[in-house]
Amino acid sequence: MANPRKFSEKIALHNQKQAEETAAFEQVMREVMGATRNAQPQYLHLSPTLGSYRGGSLPNVNQIGNNSIDLQSALTN
Amino acid sequence: MANPRKFSEKIALHNQKQAEETAAFEQVMREVMGATRNAQPQYLHLSPTLGSYRGGSLPNVNQIGNNSIDLQSALTN
Amino acid sequence: QNPQQIAEETSRRRELRLMKNREAAKECRRKKKEYIKCLENRVAVLENQNKALIDELKSLKELYCQKND
Amino acid sequence: QNPQQIAEETSRRRELRLMKNREAAKECRRKKKEYIKCLENRVAVLENQNKALIDELKSLKELYCQKND
DNA sequence: CACGGCTGACGTCAGCCCCT
DNA sequence: AGGGGCTGACGTCAGCCGTG
């Protein structure tokens with residue numbers, strides 16, 4: 001059950017975990033950002049966190065090119 | 001160069017990145033632990049961080065079983 | 001029955017089974033490739049989140065130490 | 001030369017090439033499998049680090065907010 | 001229990017790219 | 001420029017496991 005045989009189920013599990021982790025990540029980032037905004041309002045360089053690289057509901061691995069160029073650009077930003 | 005064709009180079013790159021990230025992770029954890037030790041010395045539940053799961057120099061993927069049971073146990077701890 | 005028809009039926013069944021397994025293998029390879037892409041993408045996302053969390057933790061630690069002065 | 005020996009030489013070279021490519025394919029599949037294991041292991045490690053970083057960030061945030069009282 | 005869907009592993013062909 | 005090392009993709013066989 002933890003390790004399914006079918007690739008579809010593995011992908012589904014990874015997408016689910018990724019969605020949960022991304023939600024928790026963004027929530028914590030927002031909380032910390034809200035707690036420290038009163039301390040340093042001028043240092044708010046609100047660079048997009050790039051946690052999830054696109055606006056899709058789920059990563060939708062089908063629309064990913066050769067070596068995930070968008071992610072590469074996300075890493076260099 | 002960023003995406004080599006050979007699997008050996010891909011594995012080498014991933015191991016290198018993992019080693020760097022693990023080092024940075026442990027360093028930050030130690031720093032924060034050292035900065036907050038004066039505030040709450042009694043709440044020091046020094047649970048092993050489980051960042052790297054074994055004592056090997058590099059993860060050495062060859063010695064990993066079916067579904068990485070050691071990591072599974074690490075998650076539940 | 002006619003042994004000729006029996007052999008023909010057997011051959012046709014085998015051919016049909018091979019055909020199905022052929023297309024199944026194609027789909028399986030496609031899914032496997034997609035799974036690898038999923039893993040690589042997930043690694044990249046987790047890398048970014050890790051870096052962001054480390055940076056935020058450093059900043060918050062500096063603020064915390066600054067408060068203690 | 002003897003055309004018999006020419007054909008034999010050609011066949012031997014082909015067989016040797018097939019043999020080499022056979023073992024190369026074995027090693028390639030092994031490396032690919034190892035690469036997938038590497039990715040899965042890396043994902044698990046990054047997951048643990050992410051969780052630990054989030055927990056530490058939450059704790060430090062609570063301490064920071066407690067200092068502001 | 002037999003049957004069929006998926007996948008692991010194999011061998012082969014085609015193709016890329018590094019090396020000489 | 002050509003040869004050889006690796007890998008992508010194909011078809012086939014064997015085997016596992018859920019489903020009827």
Side-chain angles (χ1 to χ4, degrees), chain A residues 1-17 58 60-69 71-72, chain B residues 1-17 58 60-69 71-72, chain C residues 6-44, chain D residues 1 5-44:
Chain A
M1 179 264 186
N3 236 37
R5 282 180 57 242
K6 293 177 63 63
F7 287 137
S8 313
E9 305 177 3
K10 292 188 179 181
I11 297 178
L13 280 181
H14 275 288
N15 284 344
Q16 178 184 348
K17 287 187 181 179
L58 279 184
N60 196 346
V61 199
N62 298 322
Q63 303 180 358
I64 295 189
N66 246 339
N67 41 7
S68 66
I69 315 177
L71 288 173
Q72 206 63 22
Chain B
M1 182 269 184
N3 238 41
R5 281 181 59 243
K6 293 178 63 62
F7 286 136
S8 314
E9 304 177 3
K10 292 188 180 182
I11 297 178
L13 279 182
H14 276 288
N15 284 345
Q16 178 184 349
K17 286 187 181 179
L58 278 184
N60 197 349
V61 199
N62 297 320
Q63 302 179 358
I64 295 186
N66 245 340
N67 41 9
S68 64
I69 314 175
L71 288 173
Q72 207 64 23
Chain C
I6 292 182
E8 196 170 333
E9 193 66 19
T10 302
S11 175
R12 201 172 61 186
R13 291 211 189 159
R14 168 181 167 82
E15 204 64 32
L16 192 137
R17 193 185 59 193
L18 287 185
M19 172 81 76
K20 275 200 175 183
N21 188 252
R22 210 178 315 172
E23 301 176 0
K26 271 197 219 172
E27 204 62 19
C28 184
R29 282 190 292 264
R30 185 178 178 180
K31 286 291 180 184
K32 186 170 188 178
K33 189 176 174 182
E34 179 181 345
Y35 174 60
I36 296 181
K37 293 290 180 184
C38 172
L39 285 179
E40 294 174 341
N41 171 50
R42 185 158 163 71
V43 166
Chain D
Q1 302 289 344
Q5 287 189 355
I6 291 183
E8 195 170 328
E9 191 68 20
T10 302
S11 176
R12 201 172 60 186
R13 288 207 191 166
R14 167 181 167 83
E15 204 64 33
L16 192 139
R17 194 184 58 193
L18 287 185
M19 171 81 74
K20 275 200 173 181
N21 188 251
R22 210 179 312 170
E23 300 176 0
K26 271 196 215 171
E27 203 64 21
C28 184
R29 283 191 292 265
R30 185 179 180 183
K31 286 291 179 182
K32 185 170 188 176
K33 189 177 174 183
E34 178 182 344
Y35 174 61
I36 295 180
K37 293 289 182 184
C38 172
L39 285 178
E40 294 173 341
N41 170 50
R42 186 160 162 73
V43 166

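Every chain is numbered from 1 and lettered A, B, ... according to where its sequence line falls, protein lines coming before strand lines.
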inquiry  = Would you say C/Arg29 places a side-chain N or O within less than 4.0 Å of OP1 or OP2 belonging to F/dG8?
reply    =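 Result: no.
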ask   = Does the side chain of D/Lys20 get closer than 4.0 angstrom to OP1 or OP2 of F/dG5 through an N or O atom?
value =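 Yes, D/Lys20 has a side-chain N/O under 4.0 Å of OP1/OP2 on F/dG5.
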Whole angstrom value for the distance that separates [atom2] of [N] from [atom1] of [X]:
X	N	atom1	atom2	value
C/Glu27	E/dG4	CD	P	20 Å
C/Lys31	E/dG8	NZ	P	14 Å
C/Leu16	F/dT12	CG	C1'	16 Å
D/Arg22	F/dC6	CZ	P	17 Å
D/Tyr35	F/dC6	OH	C1'	15 Å

inquiry  = So C/Lys26, base contact, sugar-phosphate only, or nothing? Heavy-atom distance under 4.0 Å.
reply    =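 Sugar-phosphate, backbone atoms only, no base.
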inquiry  = With nearest nucleotide decided by heavy atoms, which residue, D/Glu23 or C/Lys32, maps closer to the 5′ end of DNA chain E?
reply    =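 It is C/Lys32, whose closest nucleotide lies nearer the 5' terminus.
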Any side-chain heavy atom of [X] within less than 4.5 Å of one from [Y]?
X	Y	answer
C/Lys32	C/Arg29	no
C/Lys33	C/Ile36	no
D/Lys31	D/Glu34	yes

request  = Apply side chain to side chain contact (heavy atoms under 4.5 Å, CB included) to D/Val43 and A/Lys17, showing your working.
outcome  = CA-CA 11 Å; D/Val43 166; A/Lys17 287 187 181 179; over 6 Å; no
ask   = Rounded to the nearest 0.5 Å, how far apart are CD of B/Gln16 and NE2 of B/His14?
value =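 The NE2 atom of B/His14 is 11.5 Å from CD of B/Gln16, to the nearest 0.5 Å.
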ask   = Relative to the ring of C/Tyr35, is the ring of A/Phe7 parallel (under 30°), tilted (30 to 60°) or perpendicular (over 60°)?
value =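 Ring orientation of A/Phe7 relative to C/Tyr35: parallel.
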When you compare the protein's N or O atoms with those of nucleotides 18-20 of chain F, which come within less than 3.5 Å of each other, and at what distance?
none

Listing time: all N or O pairs from protein to nucleotides 13-16 of chain E that are below 3.5 Å?
from: E/dC13; atom 1: OP1; to: D/Arg14; atom 2: NH2; distance (Å): 3.1
from: E/dC13; atom 1: N4; to: D/Asn21; atom 2: OD1; distance (Å): 3.3

task = Could you walk me through whether D/Arg12 and D/Glu9 pass salt bridge (charged side-chain N to carboxylate O under 4.0 Å, His left out), step by step?
result = CA-CA 5 Å; D/Arg12 201 172 60 186; D/Glu9 191 68 20; 2.9 Å; yes
task = Please figure out whether C/Lys33 or C/Met19 has its closest DNA chain F nucleotide nearer the 5' end.
result =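 Upstream on the strand: C/Lys33.
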task = Compare every heavy atom of B/Pro4 with every heavy atom of B/Lys10, then report the nearest pair and how far apart it is.
result =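 In this case the closest contact between B/Lys10 and B/Pro4 is CE-O, 3.0 Å.
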task = Measure across B/Ile11 and D/Cys38 and return the closest heavy-atom pair with its distance rounded to 0.1 Å.
result =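 Scanning both residues, the minimum pair turns out to be CG2-SG, 4.3 Å.
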